[in-house]
2 protein chains.
Amino acid sequence: MRDVATLAGVSQPTVSRVLNQKYTTIPISDETRMKVIAAIDALGYRPNMHARSLRTQQTQLIAVLVADITNSFYPQIARSIQQIARHHGYDVMISNSDHVHEYEQHFCETMIRRTVDGIILVPFHLTEFDLHELYRETKTPIAVLGQQINHPQIDVVYGDDEMGVYEVTDWLIHEKKHCRLGYVGVSDVFPPGERRRRGFLRAVEHANIDVQTVCMLESDFTLEGGKQIGQYLLRLDSLPSALVVANDTMALGIMLALQDRGIRIPEDIAIVGYDNIPETTIIRPTLTTLEQNPAEIGTTLVNLLFERIENPDLPSRRIKIPNKLIIRNST
Amino acid sequence: MRDVATLAGVSQPTVSRVLNQKYTTIPISDETRMKVIAAIDALGYRPNMHARSLRTQQTQLIAVLVADITNSFYPQIARSIQQIARHHGYDVMISNSDHVHEYEQHFCETMIRRTVDGIILVPFHLTEFDLHELYRETKTPIAVLGQQINHPQIDVVYGDDEMGVYEVTDWLIHEKKHCRLGYVGVSDVFPPGERRRRGFLRAVEHANIDVQTVCMLESDFTLEGGKQIGQYLLRLDSLPSALVVANDTMALGIMLALQDRGIRIPEDIAIVGYDNIPETTIIRPTLTTLEQNPAEIGTTLVNLLFERIENPDLPSRRIKIPNKLIIRNST
DNA sequence: TTGTATGCGTTATCAT
DNA sequence: ATGATAACGCATACAA
């Protein structure tokens, strides 16, 4: 910047003013501006964001932590966030926790040392207290995908998965007349695990079905995990007539394992998933599932975040993204 | 840091020395170190990376640009990069170009203003000249996934896709006795487009098959694009007996469109893809494809990058990741 | 073994 | 409308 100033025959702060003219009201003569711009072009000067960040305490950067970048659900969120952020002149730093607690914590540590202007994350192990600490240390606007978080300065977006699973289970029972049900969830250490299981059980009880007769299983969100559940089901004396699965990826694994051994879907067993990832339309039969609209989730998160960046004292908001039952051929 | 120094009763540089003791040889008395560490804990002090970066010109950050984060191939690369980087104490900033030229350029712009310690990218539109400019402006180690790049300071990882497509086509012709072939590629503006088409045509010519008899089509890497190709094929008087497709995602779309109209795979038409993304094992029949090992690609890229970060004057290296034919049920 | 002084590249406050 | 000067938080050359 000093070189630019020298070449333009002005002082270094004047160059800075030309650069920041949009954001300030300080007047600059046309002649000076021309000279400075010419010098910038001649030297190929580019401002140094580290220095600017140090001085302004702003970064023009937002950070995003997703829970599993290899699960198609999250890249779609990340992508819509990045699109809007770009529009606002912000860069996006995407990270991946792989559902691992330690990596989630490491992300928070990083955010404390490497401050950013906003944080979007999908907390699985991080508690409300952890996020409170994160906010206390960073004072940075935060938006999360996670119904379980309640914090006065943190915006929350969520799909109402307890209700969603309740409704799809209810639909299986009353519309599709299933009474031998099974459920494949994930551990309660993951917040969606408990909520989705509860939704399932509520529907079962509401239908006066004996909870003892339903088959409750648990796996780990992954295709492999789903396959193992499939193997397990094959060893049972009799299959449930319908299976509610807590995410699509596991549902796919279950379908593959069952079909490998000649089980017909939906004739022998109906299956519903959760998320509506693209693979649900690739598998045959196509998978009935509860849609979580990832583009809308991403858009909502980033819009909330930018509103809070502009106005940090906003009261926290909770936005429910409606789930939608997508009926396909697996039921 | 000054507060820590005051509390510990030492000077600010002494605190800095305690913090950086691992990387320097300056001796510090045990007593001083204890006092400083106690003060750091008491105040919950965390170093500010922006200030550190400004001073050291290092960031402990590497940037990754992938071509399409919603294509399962890339998240696997990103994930293995992030794992190794974490091990080295580096953070990773993942970006997504969506194959859009403007976004690739925007990424380069960002890298110039927001310097990082290393860059990994998958250039689709960026030319050797663009990367040369990037290097000239940043002087930052660069590693790319892209056979078309030749630059004395840039490390290159690539799958030999021309040879791969040649071999799989050759295999279809000689082992599987196909002679009515079709090829679905992508535009030559994408570097893999030209290479893969060339591999296909070389095999056709080598088998003395009249090029006029083969069906050459073009789409855009996506599932939707593949479906449209499928529609197009259905309107043909006769299908090719075997189709070589330039990536798995398009191959899936083609299969779905054809199967919707009762075409049997592989009986009516055999199909091979490229990449070996997870979806290839979800679709039925499972898709025969050429594997590009994304984890190995990511690992190789990031290892090359760290070697160059440690030793910037290394001559550039080109590492070929072997393709492997995965024979499944679509052929 | 530690302290003093300086500068990394900006923006912001004050003059003029 | 512009220039001097200071400060952001840290690491390092030099002195002691």
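Each chain gets a letter, A, B and so on, in the order its sequence line appears, and its residues count up from 1.
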(message) From the set dA11(D), dT4(C), dT10(C), return the single nucleotide nearest to any side-chain atom of Gln12(A).
(response) dT10(C)
(message) Rounded to whole Å, how long is the line connecting atom CZ of Arg2(A) with atom C1' of dT11(C)?
(response) 16 Å
(message) Given dA11(D), dT12(D), dG9(C), identify the nucleotide with an atom nearest to the side chain of Pro13(B).
(response) dT12(D)
(request) Determine whether any donor atom in the side chain of Arg55(A) lies under 3.5 Å from an acceptor atom in the base of dA7(D), or the reverse, and answer yes or no. (result) yes
(message) In terms of relative ring orientation, are Phe306(B) and His88(B) parallel, tilted or perpendicular, with 30° and 60° separating the classes?
(response) parallel
(message) With nearest nucleotide decided by heavy atoms, which residue, Tyr45(A) or Glu31(B), maps closer to the 5′ end of DNA chain C?
(response) Glu31(B)
(request) In whole angstrom, give the distance that lies between atom CE of Met34(A) and atom P of dA1(D). (result) 15 Å
(request) Please confirm whether any donor atom in the side chain of Arg17(A) sits under 3.5 Å from an acceptor in the base of dG3(D), or the reverse. (result) yes
(message) Both Arg46(B) and Ser29(A) contact DNA chain D. Which one's nearest nucleotide lies toward the 5' end?
(response) Ser29(A)
(request) Show your working on side chain to side chain donor-acceptor pair (under 3.5 Å) between Thr6(A) and Asp3(A) and close with a plain yes or no. (result) CA-CA 5 Å; Thr6(A) 306; Asp3(A) 295 346; 5.2 Å; no
(message) Given 3.5 Å as the limit, does a donor-acceptor pair link the side chain of Ser53(A) with the main chain of Gln58(A), or not?
(response) yes
(message) Counting only side-chain nitrogens and oxygens, does Thr14(B) get under 4.0 Å of the OP1 or OP2 atom of dG3(C)?
(response) yes
(request) Return no unless some side-chain N or O of Gln57(B) is found under 4.0 Å from OP1 or OP2 of dA11(D). (result) no
(request) Nearest whole angstrom, please: distance from the C1' of dT1(C) to the CZ of Arg33(B). (result) 12 Å
(request) Would you mind classifying the nucleic acid contact of Thr56(B) as base, sugar-phosphate or nothing, using non-hydrogen atoms under 4.0 angstrom? (result) sugar-phosphate
(request) Scan Met1(B) against the nucleic acid and name what it touches under 4.0 Å (heavy atoms): base, sugar-phosphate only, or nothing. (result) sugar-phosphate
(request) Would you kindly give the CZ-to-C1' distance between Arg114(B) and dT10(C), to the nearest whole Å? (result) 14 Å
(message) Using whole Å, what does the distance between atom P of nucleotide dA12(C) and atom CG of Leu54(A) come to?
(response) 12 Å
(request) For the residue pair Tyr74(A) and His99(A), categorise the inter-ring angle as parallel (less than 30°), tilted (30 to 60°) or perpendicular (more than 60°). (result) perpendicular
(message) Looking at Gln148(B) and Pro123(B), would you say the former's side chain and the latter's main chain have a donor-acceptor pair under 3.5 Å?
(response) yes
(request) Please report, rounded to the nearest Å, how far the P atom of dT2(D) is from the CD atom of Gln21(A). (result) 10 Å
(message) Please report the distance, rounded to the nearest Å, between CG in Asp3(B) and C1' in dC10(D).
(response) 14 Å
(request) For dT11(C), take OP1 and OP2 only and decide whether either is under 4.0 Å from a side-chain N or O of Asn20(A). (result) yes
(message) Under 4.0 Å, heavy atoms only, any strand: does Ile28(B) hit a base, just the sugar-phosphate, or nothing?
(response) sugar-phosphate
(request) Examine the side chains of Asp117(B) and Thr59(B) and answer whether a donor and an acceptor come within less than 3.5 Å of each other. (result) yes
(message) Is the phosphate of dT11(C) approached by Ser16(A) (side-chain N or O, under 4.0 Å from OP1 or OP2)?
(response) yes
(message) Rounded to whole Å, please give me the gap between CD1 in Ile40(A) and P in dT10(C).
(response) 10 Å
